[in-house]
Amino acid sequence: MLKLLLRHYRRFAVFCGGLALFCTAELVGSGPALPLMSYIGAFVACFVVALIIGLGVYAIVPRFRGLLEITGLAAFATAALLFYAAKYEFNAYLNGIGGLVVLASLAGLMFAGLRSKLSRKIGTETTWRDRYSGHVPYPARLVWRHVVPGASEPSDHCTGMMARYEEDNEDPDTFHVTFKGRKDRAAQYALTFLERDKPSACRFFFQGTEADGTVVDGIFSMRITVLERDACFLSCVEERSGLNIGSLVERWFDDALGYQHDKLLEKLDALYGETYGHRKSGALAAE
């Protein structure tokens, strides 16, 4: 649970903060002035309730997680309008049901706008750049095995979603990869390696179709720095073009490469945690 909160802190901060501020704004404009501590208490209580709702969305319908940031952003905008209305005393039309209508309308407009034809057009001319780096308490050769496509069986890939990996008939540096999607959908890419220096560096160009049908292309780069025999530092950079603005926003809130790093650690812990865990425990005892 804590890992989920840390990985998606941007999304939870926007969703919970926006809804808490909206509820506080409704309280400010609905009656007589209250002590400051009352408003702070209301904000905190609403933040906690919103957090529970957000976690529930992840647990029950994770594919709808994108609605959280949209709702949060719409709530921030509605709260600003409510505070402005209260300041200039025309809040009677916006309190209660009126505020909820404005919130729902703004959220609907944002959702439609982020997935509109204009959004897709702008997105195709925009390059998404994501980066993540972190310490990995396992040997570089194992990190290479579970991150680089084709270094092991498809099921061993850190994402846990690789279904197929086949060499191209004409180009030995090009491979065709399929990643499982929801239900019967799948993402299919052609990967062309530009660099493979095991176990230190890897870079490949990819192009293909996302699980939702979006055509994309980009470059993925990875660097592994050996820190000691059983530890290394992993740095990844991905550039991806062709996504619509809604997908770009969702990827920023998802922290996609950070999530992949978490999946890598989970895979390594499951396969090698006992072996390297005992070794580390012995080393610590010796110290």
Side-chain angles (χ1 to χ4, degrees), residues 1-30 36-86 91 94-116 119 122-123 126 128-132 182 210-212 214 243-263:
M1 187 65 69
L2 179 59
K3 183 181 293 186
L4 177 66
L5 290 173
L6 292 176
R7 181 57 58 217
H8 297 279
Y9 73 93
R10 298 167 179 168
R11 176 173 284 123
F12 284 119
V14 169
F15 177 68
C16 301
L19 282 186
L21 193 62
F22 167 75
C23 293
T24 305
E26 286 274 29
L27 181 62
V28 168
S30 63
L36 177 61
M37 290 305 298
S38 296
Y39 293 126
I40 294 175
F43 179 88
V44 172
C46 292
F47 191 96
V48 172
V49 171
L51 181 59
I52 294 172
I53 294 173
L55 291 173
V57 170
Y58 267 91
I60 301 172
V61 282
R63 65 182 180 277
F64 293 141
R65 64 189 182 282
L67 294 176
L68 297 180
E69 60 263 25
I70 290 175
T71 302
L73 291 171
F76 271 114
T78 307
L81 179 61
L82 288 172
F83 281 121
Y84 181 83
N91 54 312
L94 295 176
N95 283 336
I97 300 299
L100 290 173
V101 170
V102 172
L103 171 58
S105 299
L106 286 177
L109 288 173
M110 288 183 184
F111 181 83
L114 289 174
R115 285 157 177 77
S116 64
S119 167
I122 296 174
T126 303
W128 163 255
R129 184 179 177 87
D130 194 9
R131 62 174 64 244
Y132 188 85
R182 300 186 185 95
E210 302 272 76
D212 62 0
T214 303
L243 298 171
N244 61 44
I245 299 301
S247 296
L248 293 175
V249 171
E250 187 171 284
R251 277 181 169 269
W252 185 79
F253 280 103
D254 278 341
D255 188 8
L257 284 185
Y259 177 76
Q260 183 169 315
H261 186 86
D262 291 343
K263 299 298 289 184

Inset, instruction - Evaluate the side-chain proximity of V57 to F15: yes if any heavy-atom separation is below 4.5 Å, no if none is. - result: no
Inset, instruction - Report yes if some heavy atom in the side chain of L243 is under 4.5 Å from a heavy atom in the side chain of R251; otherwise report no. - result: yes
When rounded to the nearest 0.5 angstrom, what is the spacing between [atom1] in [X] and [atom2] in [Y]?
X    : Y    : atom1 : atom2 : answer
L55  : L68  : CG    : CG    : 9.5 Å
L82  : E26  : CG    : CD    : 5.0 Å
F43  : C16  : CZ    : SG    : 9.0 Å
D130 : D255 : CG    : CG    : 6.0 Å
T71  : F76  : OG1   : CZ    : 12.5 Å
T126 : N244 : OG1   : CG    : 10.5 Å

Give the minimum heavy-atom separation between [X] and [Y], together with the two atoms involved.
X    : Y   : answer
A107 : I70 : O-CG2, 3.4 Å
A79  : A25 : O-CB, 4.0 Å
C46  : A20 : CB-CA, 3.8 Å

Legend entry - Expected output: side-chain S119 to main-chain I245 donor-acceptor under 3.5 Å: yes
Legend entry - Sub-6.0 Å ring centroid separation between Y58 and F12: yes
Inset, instruction - Kindly write out the residues that satisfy salt bridge (charged side-chain N to carboxylate O under 4.0 Å, His left out) with D254, not counting sequence neighbours, or none if the list is empty. - result: R11, R65
Inset, instruction - Sort and list the pairs that fulfil salt bridge (charged side-chain N to carboxylate O under 4.0 Å, His left out) and have at least one residue in residues 104-115, not counting sequence neighbours. - result: R115-E250
Inset, instruction - Could you pull out all residues at least two apart from Y132 that satisfy ring pair (Phe, Tyr, Trp, His ring centres under 6.0 Å)? - result: H261
Inset, instruction - Evaluate whether atom OH of Y259 has more than 12 neighbouring non-hydrogen atoms of other residues, nucleotides or ligands under 6.0 angstrom away. - result: no
